[in-house]
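Just follow the structure's listing: the first ligand is 1, and inside any ligand the first atom is 1.
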Amino acid sequence: MANYDVIIIGSGPGGYVCAIRCAQLGLKVACVEGRETLGGTCLNVGCIPSKALLHASHMLHEAEHNFAAMGLKGKSPSVDWKQMMAYKEKTIGQNTSGIEFLFKKNKVDWLKGWASIPEAGKVKVGDDVHETKNIIIASGSEPASLPGVEVDEKVVVTSTGALELGKVPKKLVVIGAGVIGLELGSVYARLGSEVTVVEFLDVVTPGMDAEIQKTFQRTLKKQGLTFVMGAAVQKTEAMKTKAKVTYKLRKDDSEHVIDADVVLVATGRKPYTEGLGLDTVGIKMTERGQIAVNGKWETNVPGIYAIGDVIEGPMLAHKAEDEGMAAAEQVAGKHGHVNYGVIPGVIYTHPEVANVGATEEELKEQGRDYKVGKFSFMGNGRAKANFAGDGFVKILADKDTDRILGAHIIGPAAGDLIHEICVAMEFGASAEDLAMTCHAHPTYSEAVREAALACGDGPIHM
Ligand code: FAD
Ligand code: NAI
């Protein structure tokens, strides 16, 4: 079989980006993928299909709620579910075939099938054993299971099943108020489902800035989602087309049952390493089932690296991509680097939620002296014109040095606005640096500048 410099296992955002960068750096590279199409969880059953449905359902929401006020009259559109699914599938296809094109362009061999590692320096795909100087594992993640909950991907579904339901359910129960639960919950709420979110904790999106959590939950409630907080799900019982969800309220241990047409289980994801034969090669794992790596993405076995969802850190496509590029550089003898302090997180609901760096709670815990600059989108002309005045930008900066330590945005285009702050943080900028940068008018970005001004002498439009 062919000899390679690098074989990458998995073609998700970690694997495919790593493969392309390895090729660009002059290495002979192959990428193994067992799915029918390239792109991993993200392109096939994750980021891309969910964003297509978020976009379509947001358009419907705009037509139903804001068109008339702008003088756009007429019958509001109704949902053609089959066509919406076709649009989603087409979007997936365009993206996955795009990766196939990039592989050909960069001379990356796609080895089709499921890989295992019989020993360091060898990758087995089907009956073929390929020799390689380096192996990079980018095998991603899968939904975590929940005791008492059996997924059939029809009535009790993970995100994968929720992205291809036969019809819009009348009643959807979502277990878990994390990113998947709230993104897909808001899709179905906009499409007309009665959505109830059952969450173990007392807050949504654990780990986020508390002020954002409160505003976000309030906003989603206004959009029609119902929340049952502090509730531990005990079990689900699926009938042919219906299900029951039993949960206990943590405050008084009382047991409750709710009916659903569909139950979405969104209680986290876990690393996927099945069939790789990691035991055989003696690869060390963490207590949480992740592949253990050092700062250069090397496992304990020389010549074997790991990146993306299968190692520690946030399970995000762009984190996997950055590790993919950096690991490629390491393998090519360069010095790949990822700044884990500046990885943005975005929730693509409407309004969007975005964050980077420390939360206010983390700064308090660290005992840091900090200041807060906040600005509401109500004071932003563009947002008001676009019926998007809900939400705010919050910048946290060091009290003495004014250096930006974190930022949290809920509002229009938050997922794009956050990058201005990411760049500023990469360059070690102060809030004043942002505040003194001219921002075009009228743009949502002005709200970021105003929040930066609020860290100093004060915003203008508040
Ligand atoms: P994956 O994308 O999981 O890819 C791993 C690939 O490896 C898979 O295709 C798998 O088939 C293949 N593989 C595994 N084992 C083998 C083997 N032995 N042989 C051959 N192939 C193998 N993140 C964001 O940043 N933004 C979002 O908007 C977002 N939305 C999401 C929405 C949903 C519904 C879900 C589920 C996830 C979402 N994520 C999002 C998370 C994102 O999808 C993951 O963080 C990202 O895909 C991780 O990339 P990866 O390369 O590590 O692994
Ligand atoms: P998550 O970790 O974001 O949220 C899981 C939620 O379930 C938590 O709020 C948790 O408290 C709750 N929970 C756990 N056990 C429970 C129980 N027994 N009963 C009730 N609630 C319970 O996980 P999620 O939403 O499944 O997403 C998985 C991963 O996918 C995340 O790590 C995320 O980073 C990634 N993702 C990213 C997206 C984005 O960047 N926009 C979109 C979708 C997924």
Side-chain angles (χ1 to χ4, degrees), residues 8-18 31-51 53-54 96 111-117 123-125 137-144 146-149 158-160 162-163 174-185 197-208 228-234 245 247-248 250 264-278 306-311 313-321 323-324 343-349 352-354 415:
I8 295 146
I9 301 176
S11 71
Y16 86 72
V17 167
C18 185
C31 181
V32 195
E33 176 55 62
R35 278 177 205 272
E36 304 263 302
T37 46
L38 298 171
T41 304
C42 179
L43 274 64
N44 290 283
V45 291
C47 326
I48 296 300
S50 60
K51 265 78 257 179
L53 295 187
L54 278 157
T96 56
L111 306 177
K112 296 185 184 180
W114 297 98
S116 59
I117 309 172
V123 173
K124 188 166 186 268
V125 186
I137 304 172
S139 52
S141 62
E142 61 177 343
L146 197 59
V149 175
T158 65
S159 53
T160 304
L163 290 166
V174 177
I175 309 178
V179 197
I180 291 182
L182 298 185
E183 282 191 356
L184 292 179
V197 183
V198 184
E199 165 59 46
F200 183 78
L201 299 173
D202 296 321
V203 292
V204 300
T205 55
M208 282 217 174
V228 182
M229 306 303 286
V233 168
Q234 307 295 303
V245 179
Y247 63 86
K248 262 189 186 174
R250 291 197 295 133
L264 165 59
V265 189
T267 52
R269 293 177 64 84
K270 60 176 186 195
Y272 181 76
T273 54
E274 219 177 286
L276 284 170
L278 300 185
I307 55 168
D309 278 12
V310 80
I311 66 167
M315 287 182 162
L316 296 172
H318 42 284
K319 177 258 192 189
E321 290 184 30
E323 288 175 344
I343 294 183
V346 179
I347 307 180
Y348 299 84
T349 45
E352 289 184 347
V353 177

For [X] against [Y], the heavy-atom pair lying closest together:
X      : Y      : value
Ala115 : Leu276 : O-CD2, 3.7 Å
Cys31  : Gly10  : SG-O, 3.4 Å
Arg250 : Leu201 : NH2-CA, 3.7 Å
Pro49  : Leu43  : CD-O, 3.5 Å
Ile8   : Ala138 : CG2-CB, 4.4 Å

[X]: numbered ligand 1 atoms lying under 4.0 Å from its heavy atoms:
X      : value
Val32  : 20 (C), 21 (N)
Ala320 : 49 (O), 52 (O)
Leu276 : 18 (N)
Cys42  : 2 (O), 43 (O), 47 (O)
Gly40  : 2 (O), 4 (O), 8 (C), 9 (O)
Tyr272 : 14 (C), 15 (N)
Asp309 : 44 (C), 45 (O), 46 (C), 48 (C), 52 (O)
Ser141 : 3 (O)

Just jot down the ligand 2 atoms closer than 4.0 angstrom to any heavy atom of [X], in number order.
X      : answer
Val198 : 20 (C), 21 (N)
Ile175 : 19 (N), 20 (C)
Leu201 : 11 (O)
Tyr348 : 41 (N)
Val346 : 39 (C), 40 (O), 41 (N)

Specify the protein heavy atom at minimum distance from [atom]: its residue, its atom name, and the distance to 0.1 Å.
atom                    : result
atom 12 (C) of ligand 2 : Glu199 OE1, 3.2 Å
atom 4 (O) of ligand 2  : Gly178 CA, 3.2 Å
atom 30 (O) of ligand 2 : Arg269 CD, 3.8 Å
atom 4 (O) of ligand 1  : Gly12 CA, 3.4 Å
atom 41 (C) of ligand 1 : Met315 O, 3.6 Å
atom 7 (O) of ligand 2  : Gly176 CA, 3.3 Å
atom 53 (O) of ligand 1 : Gly140 CA, 3.1 Å
atom 5 (C) of ligand 2  : Ala266 O, 3.4 Å
atom 7 (O) of ligand 1  : Gly10 CA, 3.1 Å
atom 44 (C) of ligand 2 : Ile180 CG1, 3.2 Å
atom 26 (N) of ligand 1 : Cys47 SG, 3.9 Å
atom 20 (C) of ligand 2 : Phe200 N, 3.3 Å
atom 24 (C) of ligand 1 : Ala317 N, 3.5 Å
atom 51 (O) of ligand 1 : Gly14 N, 2.9 Å
atom 3 (O) of ligand 1  : Thr41 OG1, 2.6 Å

So between [options], whose heavy atom ends up nearest [atom]?
atom                    : options                        : result
atom 19 (N) of ligand 2 : Val233, Val179, Leu184         : Val233
atom 19 (N) of ligand 1 : Ser139, Ala162, Ala115         : Ala115
atom 16 (C) of ligand 1 : Trp114, Tyr348, Tyr16          : Trp114
atom 22 (C) of ligand 2 : Leu264, Val265, Thr267, Val203 : Thr267
atom 33 (C) of ligand 2 : Lys270, Met208, Met315         : Met315
atom 24 (P) of ligand 2 : Ala231, Gly268, Ala317         : Gly268
atom 37 (C) of ligand 1 : Gly34, Gly308, Gly46, Cys31    : Gly46

Between ligand 1 and [X], is the shortest N or O to N or O distance under 3.5 Å?
X      : result
Glu33  : yes
Ile180 : no
Ser50  : no
Arg35  : yes
Lys51  : yes

Worksheet item: Using heavy atoms and a threshold below 4.0 Å, how should the contact between Thr160 and ligand 1 be classified: side chain, backbone, both, or neither?
Response: neither
Fill in: Lys319 contact mode with ligand 1 (heavy-atom cut-off under 4.0 Å)
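Near ligand 1, Lys319 shows nothing, with every heavy atom at 4.0 Å or more.
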How many angstroms lie between atom [atom1] of [X] and atom [atom2] of [Y], to the nearest 0.5 angstrom?
X      : Y      : atom1 : atom2 : result
Glu323 : Ile343 : CD    : CD1   : 7.0 Å
Thr273 : Leu278 : OG1   : CG    : 5.5 Å
Ser141 : Ile311 : OG    : CD1   : 12.5 Å

Practice prompt. Carefully, step by step, assess Thr96 and Asn44 under the rule side chain to side chain donor-acceptor pair (under 3.5 Å).
Written response: CA-CA 7 Å; Thr96 56; Asn44 290 283; 5.1 Å; no
Worksheet item: Backbone, side chain, both or neither: what part of Leu146 comes under 4.0 angstrom of ligand 2, heavy atoms only?
Response: side chain
Assess [X] for proximity to ligand 1: is some non-hydrogen atom of it under 4.0 Å away?
X      : answer
Arg269 : yes
Leu38  : no
Gly113 : yes

Fill in: Glu183 side chain vs Tyr348 backbone, donor-acceptor pair below 3.5 Å
yes
Discussion item. Donor-acceptor check, side chain of Lys319 to backbone of Gly308, threshold 3.5 angstrom: yes or no?
Written reply: yes
Worksheet item: Does the pair Leu182 and Val353 meet the rule for a side-chain contact (heavy atoms from CB on, under 4.5 Å), with working shown?
Response: CA-CA 11 Å; Leu182 298 185; Val353 177; over 6 Å; no
